[in-house]
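One structure below.
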Amino acid sequence: MATFDIGSKDELRNGTMAGKTAGGQQILVANIDGQFYAMGDVCTHMGVCNLSEGFLDSDQVECYCHGSIFNVKTGQVVSGPATTPEPVYPVTIHGDRLFVDIQ
């Protein structure tokens, strides 16, 4: 497992998300009620759309391409057409920096 710096926690206001790259992986990072979560950023439906360009509502992100909805905390599919969950990654905070662990 490797740990990657993915930016300052101040970059993500509550209720916002951003796409990052860490360890060659595209990662969606979200701030939900002051807690930070990270999961795969490429929609598992067709593998071409970035979820971070979609719509965040509470703890769910909707893909802008075909409308699949994922739970940001668990990576689970809430609504299809996607059927495969997103990988989730542990986030830690050191000072004002966010770090994600990727295997």
Side-chain angles (χ1 to χ4, degrees):
M1 182 176 320
T3 301
F4 298 91
D5 184 331
I6 54 172
S8 170
K9 67 181 186 176
D10 296 332
E11 295 174 18
L12 286 175
R13 295 182 328 275
N14 185 37
T16 64
M17 63 183 173
K20 302 285 184 173
T21 301
Q25 301 292 321
Q26 291 180 285
I27 308 291
L28 177 149
V29 183
N31 178 344
I32 301 170
D33 297 326
Q35 298 293 313
F36 294 90
Y37 300 90
M39 68 177 214
D41 190 23
V42 179
C43 183
T44 59
H45 172 231
M46 294 186 73
V48 295
C49 300
N50 287 67
L51 295 171
S52 59
E53 295 178 23
F55 313 97
L56 183 65
D57 183 16
S58 183
D59 64 354
Q60 299 181 356
V61 61
E62 180 178 350
C63 181
Y64 72 95
C65 287
H66 300 109
S68 293
I69 299 173
F70 298 85
N71 182 297
V72 175
K73 295 178 180 179
T74 66
Q76 293 299 310
V77 176
V78 175
S79 177
T83 58
T84 304
E86 290 287 340
V88 293
Y89 306 97
V91 177
T92 54
I93 301 171
H94 297 286
D96 73 335
R97 306 297 297 174
L98 297 172
F99 295 85
V100 65
D101 293 330
I102 298 177
Q103 289 184 305

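Heads up: numbering here begins at 1 and tracks the sequence.
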Pairs of donor and acceptor atoms involving the side chains of residues 88-95, under 3.5 Å and at least two apart or interchain, shall be tabulated with distances.
none

Please check: side-chain N/O of N50 versus main-chain N/O of S52, any donor-acceptor pairing under 3.5 Å?
no
What residues join M46 in its hydrophobic cluster, counting side-chain heavy atom gaps under 4.5 Å, either direct or through other members?
V48
Which pairs pass salt bridge (charged side-chain N to carboxylate O under 4.0 Å, His left out) with one or both residues in residues 53-65, sequence neighbours excluded?
none
Taking all atoms of both residues into account, what is the closest heavy-atom pair of V100 and A22, and its distance?
CG1-CB, 3.9 Å
Can you list every disulfide bond (SG atoms under 2.5 Å apart) pair that touches residues 69-103, not counting sequence neighbours?
none
Passing option when L51 is tested against L56, D41, V42 for side-chain contact (heavy atoms from CB on, under 4.5 Å)
D41
Can you name the side-chain hydrogen bond (donor to acceptor under 3.5 Å, both in side chains) partners of T44, sequence neighbours left out?
none
Tell me the salt bridge (charged side-chain N to carboxylate O under 4.0 Å, His left out) pairs involving residues 11-20, sequence neighbours left out?
E11-K20
Of the non-hydrogen atoms in I102 and G23, which two are nearest, and what is the gap between them?
CD1-N, 4.5 Å
Can you see which heavy atom on T84 is nearest to which on F70, and at what distance?
O-CE2, 3.6 Å
Quick note, salt bridge (charged side-chain N to carboxylate O under 4.0 Å, His left out) partners involving residues 85-103, not counting sequence neighbours, are D5-R97
Name the atoms and distances for all side-chain donor-acceptor pairs under 3.5 Å in residues 24-38, with sequence neighbours left out.
from : atom 1 : to  : atom 2 : distance (Å)
N31  : OD1    : G34 : N      : 2.9
N31  : ND2    : L12 : O      : 2.8

Disulfide bond (SG atoms under 2.5 Å apart) contacts in which one or both residues fall within residues 65-103, not counting sequence neighbours:
C49-C65
Under 4.5 Å between any side-chain heavy atoms of M17 and V72, yes or no?
no
May I ask you to list the residues sharing a hydrophobic cluster with Y64, side-chain cutoff 4.5 Å, ordered by chain and number?
F55
Side-chain heavy atoms under 4.5 Å apart, restricted to Ile/Leu/Val/Met/Phe/Trp/Tyr: what other residues fall into the cluster of V78, or is it alone?
I69
